[in-house]
> 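Below you'll find the structure I mean.
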2 protein chains.
Amino acid sequence: MEESEILAKLPLVFTESALRQEMLTHGKFITVNKDDTLVREGQYLDFLPIVIKGEIRVFQQKEDREILLYYVREGQTCMMSLSAAYFNHTSTSYGVATKPSEIFVFPTRLVNEWQLKYSSWNAYLIQTFRSRYDELLGSFESVAFDPIDKRVLSYLTDRAKKENTAQIAISHQNLAYELGTTRVVISRILKGFEQQGKVKLFRGSIRLK
Amino acid sequence: MEESEILAKLPLVFTESALRQEMLTHGKFITVNKDDTLVREGQYLDFLPIVIKGEIRVFQQKEDREILLYYVREGQTCMMSLSAAYFNHTSTSYGVATKPSEIFVFPTRLVNEWQLKYSSWNAYLIQTFRSRYDELLGSFESVAFDPIDKRVLSYLTDRAKKENTAQIAISHQNLAYELGTTRVVISRILKGFEQQGKVKLFRGSIRLK
DNA sequence: TGCTTTATGTATCTTTTGATACCGTTTTTT
DNA sequence: AAAAAACGGTATCAAAAGATACATAAAGCA
């Protein structure tokens, strides 16, 4: 890929041209397939990723179940990788591509260096932490205070908005995973929604009405 | 208070002596009473606090209920204040002292300046964000997957450990607030624990056995 | 085509949690 | 001291959610 092309793909928030230039110099561009694992638990991180295209699912694995932390989307970096790298700890989570993705990676030592040189880099880091915190706080409140039917509806409308379509491609089982409940509960609730005319159900997808 | 006294009370993680000196120069020491409000929702922050002694309860207020985010304890700063100040946003939460406290405060503009000068300051910020995130993640998992009786027991043993005593001073009502449930549920569960010989109940406190 | 896997619908039963109400006791306030 | 507020125990009822089991349909594949 041409340097100018990469430059054009870097998030616009990096305002200092010297920073953008350093990214080009030290970073490199990689592509991964769907279901490729970028990071696994216990691994030391010698690179920090910024997702250019695609999506990475970040989660933790406990005994039997999986805890979804967040998705890293275009222009974003992985908060968990970032802080693990910063303190030279191993990763406590997994990162797996949900689709074919393009990732820009560069050595983790630069995280520290750039903090002392570029304020747009600092702003990016703090923004990353704060928005992940707010996101998790939203999930927490939802789990703590909202009944499941409301959470299902929120999930669907959020995704519809984000993906700009009324048709959400997800199975009942996977929706149950996302919300930390069981398939039967989801099927029951969705059927109720359909009877109320709120959605139309298809095999493998749900359309909001 | 003498400068040397204040210096001694600043968290040890600030390793650069120039940073410690700047803190002295630009910051000041304030004391607050129990139940004093330091920060309220909608307020712009012109200062960032570091708690030297005491404890600040940080929470959000929604319609009817209150969401406890975290406690800021000795040596810690408030993540919510920090990021609000950083982006010149108003605060989305409240900060209220739970006991008489001593707070070191300094102008928020220094947060940015120090990032570009002192790496121990950067490490402190990132540590602050990451540990709050992990803390919230723990609460999330607990709410999502643990039955209430287990959460009650975890709460008690955590506090016992943190305060280094088996006697936890809290009413059933306040314990219910902390865990987002109701008084009756807590009383029921605690009585069960007492019958199983796990705790002994007193008015206003619970002793672990 | 026939077999297997995945997706979904639904009934039944149990458990967990919450809501409400009423009680007596202790502590604090007036 | 009297009144009010806070604290805790407990019974009853209802609702929410999970567990289990079984059934049908669609999709993928050998």
> Rounding to an integer number of Å, can you tell me how far A:F193 CZ sits from C:dG9 P?
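For the pair A:F193 CZ and C:dG9 P, the rounded distance is 14 Å.
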
> Evaluate the criterion side-chain hydrogen bond (donor to acceptor under 3.5 Å, both in side chains) for residue pair B:R151 and B:Y155; output intermediate values, then yes/no.
CA-CA 6 Å; B:R151 294 173 53 209; B:Y155 179 90; over 6 Å; no

> Tell me: CZ of B:R151 to C1' of C:dT16, nearest whole Å?
13 Å

> Which pairs count as side-chain hydrogen bond (donor to acceptor under 3.5 Å, both in side chains) when at least one residue sits in residues 196-209 of chain A, sequence neighbours excluded?
A:Q167-A:S205, A:Q167-A:R207, A:Q196-A:K198

> Would you list the pairs meeting side-chain hydrogen bond (donor to acceptor under 3.5 Å, both in side chains) in which at least one residue belongs to residues 69-83 of chain B, sequence neighbours left out?
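side-chain hydrogen bond (donor to acceptor under 3.5 Å, both in side chains) check on residues 69-83 of chain B returns A:R130-B:S83, B:E55-B:R73, B:Y71-B:E178, B:Q76-B:R132.
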
> What nitrogen or oxygen pairs link the protein and nucleotides 15-17 of chain D at under 3.5 Å?
residue : atom : partner : partner atom : Å
D:dA17  : OP1  : A:I148  : N            : 3.1

> With a cut-off of 3.5 Å and sequence neighbours excluded, list every side-chain donor-acceptor pair involving residues 33-52 of chain B.
residue : atom : partner : partner atom : Å
B:D36   : OD2  : B:N33   : N            : 2.9
B:Q43   : OE1  : B:R40   : N            : 3.0

> Find every protein N or O atom lying less than 3.5 Å from an N or O atom of nucleotides 5-9 of chain D, and list the pairs.
residue : atom : partner : partner atom : Å
D:dA6   : N3   : B:R203  : NH2          : 3.2
D:dC7   : O4'  : B:R203  : NH2          : 3.2
D:dG8   : OP1  : B:F202  : O            : 3.3
D:dG8   : OP1  : B:G204  : N            : 2.4
D:dG8   : OP2  : B:H172  : N            : 2.8
D:dG8   : N7   : B:R183  : NH1          : 3.3
D:dG9   : OP1  : B:K191  : NZ           : 3.4
D:dG9   : N7   : B:R183  : NH1          : 2.9
D:dG9   : O6   : B:R183  : NH2          : 2.9

> Would you say the ring centroid of A:F59 lies under 6.0 angstrom from that of A:Y94?
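Yes: the rings meet the under 6.0 Å criterion.
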
> So, A:Q60 side chain and A:S93 main chain: donor-acceptor pair closer than 3.5 Å or not?
no

> Report the residues that fulfil ring-ring contact (aromatic ring centres under 6.0 Å, His included) with A:Y124, sequence neighbours left out, ordered by chain and then residue number.
A:F14, A:W121

> Would A:Q127 and B:F87 count as a side-chain contact (heavy atoms from CB on, under 4.5 Å) if you check the C-alpha gap in whole Å, the side-chain angles of each, and the deciding distance to 0.1 Å?
CA-CA 9 Å; A:Q127 176 71 56; B:F87 295 110; 3.8 Å; yes

